[in-house]
*Asks:* 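My structure is below; once you've seen it, I'll send some questions.
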Amino acid sequence: MSEKRLLLIDGNSITYKAFFALINQVNSFINNEGIHTNAVFGFNNMLNIMLDKFKPTNVLVAFDAGKTTFRTEMYADYKAGRDKTPDELREQFDYVKELLKNRGIKYYQLDNYEADDIIGTLSKEADQLGFETTIVTGDNDLTQLCSDKTTVSISNRGVSGVVRYDTDYVKEIMGITPAQIIDWKALKGDSSDNYSGVTGVGDKTALKLVTQFGSVENLYEHLDEVSGKKLLEHLTEDKESAFLAKKLATINRDAPIEITVDDTVYDGDHIKELINFYREMNFRKFLSEMSADQVETMDKVNFVELNSDNVNDIDVKDGANVSFYLGMDGDNYHTADYIGFALKIDETNYISRNIELLMDDNLKALLESDKISKNVFDGKRTYVGLNRLGIKLNNVDFDLLLASYLLDTNDNSYDLGKVANRHDYFDVQSDEDVYGKGAKRAIPDDDILFDHFARKVNAINSLKDKLFDELKENNQLDLYRDVELPLSFVLARMEIAGVVINKDILISMKSKISEKLLEIKESIYNDAGEEFNIASPKQLGEILFDKMQLPVVKKTKTGYSTAVGVLEQLAPDYPIVEKVLEYRKYSKILSTYVEGLLSDIHVDNKVHTRYLQTLTQTGRLSSVDPNLQNIPVRTEEGRKIRQAFIPSENNWQIFSSDYSQIELRVLASISGDKNMQDEFIHNDDIHASTARRIFGLSDNSEVTPEYRRQAKAVNFGIVYGISDFGLAKNTGISRSDAKEFIEKYFAEYPGVKKYMEDSVNSAKEKGYVETILHRRRYLPDINAKNFNLRSFAERTAMNSPIQGSAADIIKIAMIKMEQELEKRNLKAKMLLQVHDELIFEAPSEEIEILEELVPKVMDSAVKLNVPLNVKSHYGNSWYSLK
DNA sequence: GTGTTCACG
DNA sequence: ACGTACGTGAACACC
């Protein structure tokens with residue numbers, strides 16, 4: 001690669017492109033001073049991509065100086081009739097220039113000339129000096145500058161996608177040389193620049209003429225060779241226009257610019273100024289990206305290194321402000337190694353790698369104190385980590401992770417630095433920046449690690465008041481204090497309790513299923529006439545649809561679809577497909593559940609899942625390592641997995657209670673629909689009642705199972721934010737039938753219809769939707785021009801308050817449930833939550849108590865306008881619940 | 001790392 | 001005209 005690389009950017013063109021690429025988000029890109037910033041943001045994105053790709057030694061951004069140029073002198077209407085630049089864009093040009101200054105990039109404009117001419121003149125000089133030049137623009141005109149050393153990159157889709165033109169590529173797709181672009185434009189004209197060329201000559205004819213004659217001049221010298229009478233007439237009539245157009249289209253490569261290539265040396269970002277600029281613009285993304293460089297500019301952080309000699313000097317007075325961070329290496333805090341800890345007491349930071357200091361009486365008492373409150377990042381993680389050391393973390397007041405998630409469910413990174421950045425706090429780096437990523441990840445030396453840890457507790461401490469203020473502003477303080485924060489410790493204790501797994505059951509299932517799979521596999525190979533990887537959708541597709549010529553039902557982006565729905569359609573006619581379905585079912589059970597679960601068992605013969613409390617967009621929990629919220633239940637073969645989930649003591653039972661139709665009940669309550677409410681109040685079979693209504697039957701006794709099934713699907717659809725297409729696809733009925741059902745449904749349940757409309761309208765107005773406990777979900781796409789994005793946001797606006805409120809309810813029930821068990825001194829333990837279901841283990845003699853207690857607590861968790869309904873079951877394992 | 005499939009509510 | 005059910009996690013193939 002040449003050591004001299006020049007990047008030339010058409011500033012106006014790229015700023016325009018950036019603005020319109022992000023036009024949908026123009027109103028979410030507003031900085032604190034009310035200035036729109038979407039074009040500046042997009043421009044910078046493009047800049048990053050280009051700097052990274054071309055690694056230029058020299059850069060210049062050229063701007064147009066104004067409306068009047070030498071071209072308007074020649075032709076007064078040049079570029080006339082263009083739409084006025086929107087105000088939201090005009091205000092951004094000065095900021096683009098400021099961005100460039102801070103990025104160490106020169107820019108230039110010249111009276112009477114356009115950006116094109118500056119670029120043309122400089123690229124000519126650069127060609128002579130032996131530079132490799134890249135021109136970036138949104139405008140095809142500049143392709144005329146292509147040469148051996150100069151390429152033109154034209155951004156098409158937004159600003160990140162570019163098409164790169166070099167001499168060969170211009171020739172390949174146009175069939176003419178770069179220089180001939182001018183002749184081509186002279187003949188066809190340019191409507192956006194408002195000049196016409198030759199009447200009746202468009203892209204194609206112009207190309208043909210240029211190919212045949214080489215240039216406008218040569219064409220007019222050989223007009224007699226032109227075929228087509230009409231064309232000849234137009235050419236003759238518009239000769240003057242064509243020559244004017246050629247002049248207008250020609251980029252001036254000798255503009256009287258006062259700079260040379262030497263003046264465009266790129267010296268890199270001015271980091272301190274750039275950070276200030278990004279802050280002014282509210283560009284969190286760019287701030288986080290450069291936080292690795294940022295460390296040099298951060299103020300020094302003081303700390304005291306703790307050891308066994310000075311640990312007892314720490315004296316914490318009541319009312320002290322204490323922040324604590326426990327460092328662990330890896331995500332799974334049930335087993336992760338400790339790295340160290342940081343403690344901030346008022347203005348002093350204490351750091352150590354020696355985790356045993358925490359077990360020293362002094363610090364242990366501090367962490368366990370109910371008098372002195374603590375601030376943390378991820379209280380659940382901290383609680384479990386300390387629990388392993390025999391320390392019971394108590395009195396947590398502020399959890400940065402939880403608060404951040406409640407304010408915006410997208411702020412859910414488990415990396416403290418990233419979360420802090422989202423709240424405009426930049427004096428801490430992300431773990432990724434400090435520890436490295438992937439194979440390069442390593443815990444750094446003490447000086448770097450201690451600095452990082454000190455910054456973490458500083459961040460927690462600094463953000464506390466700000467985030468509490470924001471929670472208050474959003475009316476979310478109760479949700480934080482009464483639900484999420486206490487729940488995090490309930491979850492911690494459930495995770496610590498774990499569930500015993502009977503290994504022997506899984507091991508015996510493993511050999512049985514393996515045998516079965518072997519049999520099915522042989523039979524499939526026999527049918528196919530060859531061996532192949534049945535688990536590979538690609539290979540399977542080739543066997544079924546190419547080799548065996550089965551009818552193609554559906555395709556995916558990458559090939560034939562072999563999803564269950566597709567195979568089920570084919571199964572009755574093709575035995576091999578039936579076998580593939582069998583094979584899929586058993587191999588899923590084997591790999592994900594039997595083998596997967598076996599590998600997650602800890603030394604205590606238990607699985608200790610981790611609930612992710614700050615991940616979902618709706619407020620639900622999720623579960624990982626292992627995921628205990630998707631253990632099979634729908635098919636008997638899969639359900640057998642549950643036999644391995646057993647109580648931890650002899651003569652104990654597994655006990656489970658679940659809400660029936662909680663989401664529909666929530667909908668009935670928040671929509672205020674009287675018909676639906678009545679049906680729940682009378683404890684009717686809701687799906688049967690829906691069937692009666694939408695099929696116009698006189699009584700629920702006329703509802704056949706098929707009617708009920710369809711009505712149930714409609715009820716599901718309603719909760720998901722229904723569309724006729726979706727309902728039709730899911731139930732196999734026609735789209736017009738689906739449409740009719742939905743209309744009938746809304747006529748019968750008018751309150752539901754109104755709720756759906758209100759949800760969407762309120763989301764469009766406020767930008768977010770809320771649950772009964774004020775849990776928020778922001779929907780930035782709700783006003784998008786793109787149909788898909790907007791529709792998705794609209795369905796989300798309908799669904800999230802329902803799904804989220806149901807999540808709110810069970811969370812309250814869990815907190816109350818733990819309190820009740822403790823209050824009554826019961827041995828029973830809450831082990832699992834599966835969205836609408838709570839699972840316990842308990843001594844047999846407590847079952848009777850639970851049968852009354854659990855439904856009572858769950859029923860009364862939240863007061864709705866309809867009753868909640870809870871059903872309970874128990875048995876010797878999670879499988880045999882009766 | 002992305003896409004497909006399939007397990008759950 | 002557009003082209004869609006809501007929310008998740010894990011395994012595997014394939015690049």
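Reminder, nothing fancy here: chain letters follow the sequence lines and each chain counts from 1. What you are looking at is a predicted structure, and each value in this text was computed from that prediction instead of being measured. Because only heavy atoms are used, hydrogens play no part in the values below, and waters and symmetry mates are left out as well, while side chains stay in.
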*Asks:* Any side-chain N or O of R584(A) less than 4.0 Å from the OP1 or OP2 oxygen of dT5(B)?
*Replies:*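 R584(A) to dT5(B) OP1/OP2: no side-chain N or O under 4.0 Å.
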*Asks:* Of all the nucleotides listed (dG9(C), dT8(C), dA7(B)), which has the minimum atom distance to the side chain of V624(A)?
*Replies:*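 Closest of the options to the side chain of V624(A): dG9(C).
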*Asks:* Under a 4.0 Å N-O cut-off, is there an ion pair linking R620(A) with E663(A)?
*Replies:*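 E663(A) and R620(A): salt-bridged.
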*Asks:* Check the distance between dA10(C)'s P and K585(A)'s NZ and give it to me in whole angstrom.
*Replies:*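 Checked: the NZ to P distance equals 23 Å.
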*Asks:* Would you call E531(A) and K521(A) a salt bridge, using N to O less than 4.0 angstrom?
*Replies:*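 Looking at E531(A) and K521(A), the cut-off is not met.
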*Asks:* Considering only side-chain heavy atoms of K729(A), which listed nucleotide, dA5(C), dG9(B), dT4(B), is closest?
*Replies:*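 Nearest to the side-chain atoms of K729(A), counting from C-beta on, is dA5(C).
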*Asks:* When the P atoms of dA5(C) and dT4(B) are considered, how many whole Å apart are they?
*Replies:*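 The answer is 13 Å between these two P atoms.
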*Asks:* Can you find a donor-acceptor pair, distance only, under 3.5 Å between R620(A) side chain and dT8(C) base?
*Replies:*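 Checked by distance alone, the answer is no.
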*Asks:* Suppose we define a pair by two distances each less than 3.5 Å, Watson-Crick or G-U wobble; what does dA1(C) pair with here?
*Replies:*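 Because no pair has both required distances under 3.5 Å, dA1(C) counts as unpaired.
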*Asks:* Between K516(A) and E637(A), does the salt bridge (charged side-chain N to carboxylate O under 4.0 Å, His left out) criterion hold? Intermediate values first, please.
*Replies:* CA-CA 12 Å; K516(A) 181 115 193 167; E637(A) 294 89 337; over 6 Å; no
*Asks:* Between R735(A) and dG3(C), is there a contact of a side-chain N or O with OP1 or OP2 at under 4.0 Å?
*Replies:*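 False: R735(A) side-chain N/O out of range (4.0 Å or more) of dG3(C) OP1/OP2.
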*Asks:* Would you say dC6(C) has OP1 or OP2 under 4.0 Å from some side-chain N or O of S800(A)?
*Replies:*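 Result: no.
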*Asks:* Are D331(A) and R610(A) within salt-bridge range, i.e. N to O under 4.0 Å?
*Replies:*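 Answer for the salt bridge query: no.
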*Asks:* In whole angstroms, how far is the P atom of dT5(B) from the CG atom of N627(A)?
*Replies:*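 N627(A) atom CG is separated from dT5(B) atom P by 20 Å.
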*Asks:* What's L615(A) touching, base or sugar-phosphate or nothing? Going by heavy atoms closer than 4.0 Å.
*Replies:*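 If one applies the 4.0 Å heavy-atom cut-off, L615(A) turns out to touch the sugar-phosphate alone, with no base involved.
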*Asks:* Hey, is the side chain of K538(A) poking within less than 4.0 Å of OP1 or OP2 on dT4(B), counting only N and O atoms?
*Replies:*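 Result: no.
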*Asks:* Using a heavy-atom cut-off of under 4.0 Å over every strand shown, decide if N788(A) touches base, sugar-phosphate, or nothing.
*Replies:*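 Sugar-phosphate only.
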*Asks:* CG of D781(A) versus P of dC2(C): gap in Å, rounded?
*Replies:*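 Nearest whole value for this atom pair: 21 Å.
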*Asks:* Could you check whether the side chain of S622(A) and the base of dT8(C) have a donor-acceptor pair of N or O atoms closer than 3.5 Å, going by distance alone?
*Replies:*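 No, no donor-acceptor pair under 3.5 Å.
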*Asks:* Just the rounded figure in Å: distance from C1' of dG9(B) to CD1 of I839(A).
*Replies:*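 Nearest whole value for this atom pair: 11 Å.
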*Asks:* In terms of side-chain heavy atoms of Y593(A), which of dC6(C), dA7(B), dG9(C) is nearest?
*Replies:*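 When the side chain of Y593(A) is considered, dA7(B) is the closest of dC6(C), dA7(B), dG9(C).
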*Asks:* Determine whether a donor-acceptor pair (one donor, one acceptor, N or O, separation below 3.5 Å) exists between the side chain of Q629(A) and the base of dC8(B).
*Replies:*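 Result: no qualifying N/O pair found.
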*Asks:* Starting from C1' on dG7(C), measure out to CZ on R775(A) and report it in whole angstrom.
*Replies:*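 To the nearest whole Å, that distance equals 13 Å.
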*Asks:* Treating Y879(A) as the side-chain partner and I646(A) as the backbone partner, does any N or O pair qualify as donor plus acceptor under 3.5 Å?
*Replies:*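 No, the answer is negative, given that no donor and acceptor are paired below the 3.5 Å cut-off.
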*Asks:* How do E595(A) and K588(A) order along DNA chain C: which one's closest nucleotide is nearer the 5' end?
*Replies:*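 Nearer the 5' end of the strand: K588(A).
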*Asks:* Without decimals, in angstroms, what is the distance between L628(A) CG and dG9(B) P?
*Replies:*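 Between P of dG9(B) and CG of L628(A): 13 Å.
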*Asks:* Using whole Å, what does the distance between atom C1' of nucleotide dC2(C) and atom CZ of F787(A) come to?
*Replies:*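 Whole-Å distance recorded here is 6 Å.
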*Asks:* To the side chain of T592(A), which of dC14(C), dC8(B), dA11(C) is closest?
*Replies:*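 That would be dA11(C).
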*Asks:* Would you call K744(A)-E740(A) a salt bridge at under 4.0 Å N-O?
*Replies:*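 Here K744(A) does not pair with E740(A) in a salt bridge, since their nearest N and O are not under 4.0 Å apart.
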*Asks:* Can you check the distance between dT4(C) and dT5(B), where both ends of the measurement are the P atom (answer in whole Å)?
*Replies:*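 Comparing P positions in dT4(C) and dT5(B) gives a spacing of 15 Å.
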*Asks:* Tell me whether the side-chain N/O atoms of S591(A) come closer than 4.0 Å to OP1 or OP2 in dA10(C).
*Replies:*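 Indeed not, no polar side-chain atom of S591(A) lies that close.
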*Asks:* Look at N533(A) and dA13(C) and indicate whether a side-chain polar atom (N or O) is within less than 4.0 Å of OP1 or OP2.
*Replies:*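 Answer is yes, contact under 4.0 Å.
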*Asks:* Which part of the nucleic acid, if any, lies within contact of L612(A), taking any heavy atom under 4.0 Å across all strands shown: a base, the sugar-phosphate backbone alone, or nothing?
*Replies:*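 Sugar-phosphate contact only.
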*Asks:* Please state how far atom CG in L581(A) lies from atom P in dT4(B), giving the value in whole angstrom units.
*Replies:*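 In whole Å, dT4(B) P and L581(A) CG are 19 Å from each other.
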*Asks:* If you look at every strand shown and take non-hydrogen atoms under 4.0 Å, does G721(A) touch a base, only sugar-phosphate, or nothing?
*Replies:*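 Result for G721(A) = nothing.
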*Asks:* Using a strict cut-off of less than 4.0 Å between a Lys/Arg side-chain nitrogen and an Asp/Glu carboxylate oxygen, indicate whether E706(A) and R709(A) qualify as a salt bridge.
*Replies:*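 Yes, charged N to carboxylate O under 4.0 Å.
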*Asks:* Which nucleotide sits closest to the side chain of N630(A): dG9(C), dA5(C), dT4(C)?
*Replies:*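 Minimum distance to the N630(A) side chain belongs to dG9(C).
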*Asks:* Counting the atoms with a prime plus P, OP1 and OP2 as sugar-phosphate, which does A797(A) contact under 4.0 Å by heavy atoms, base, sugar-phosphate, or nothing?
*Replies:*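 Contact class for A797(A): none.
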*Asks:* Tell me which nucleotide among dC14(C), dG9(B), dA10(C) gets nearest to the side chain of D625(A).
*Replies:*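 Nearest to the side-chain atoms of D625(A), counting from C-beta on, is dA10(C).
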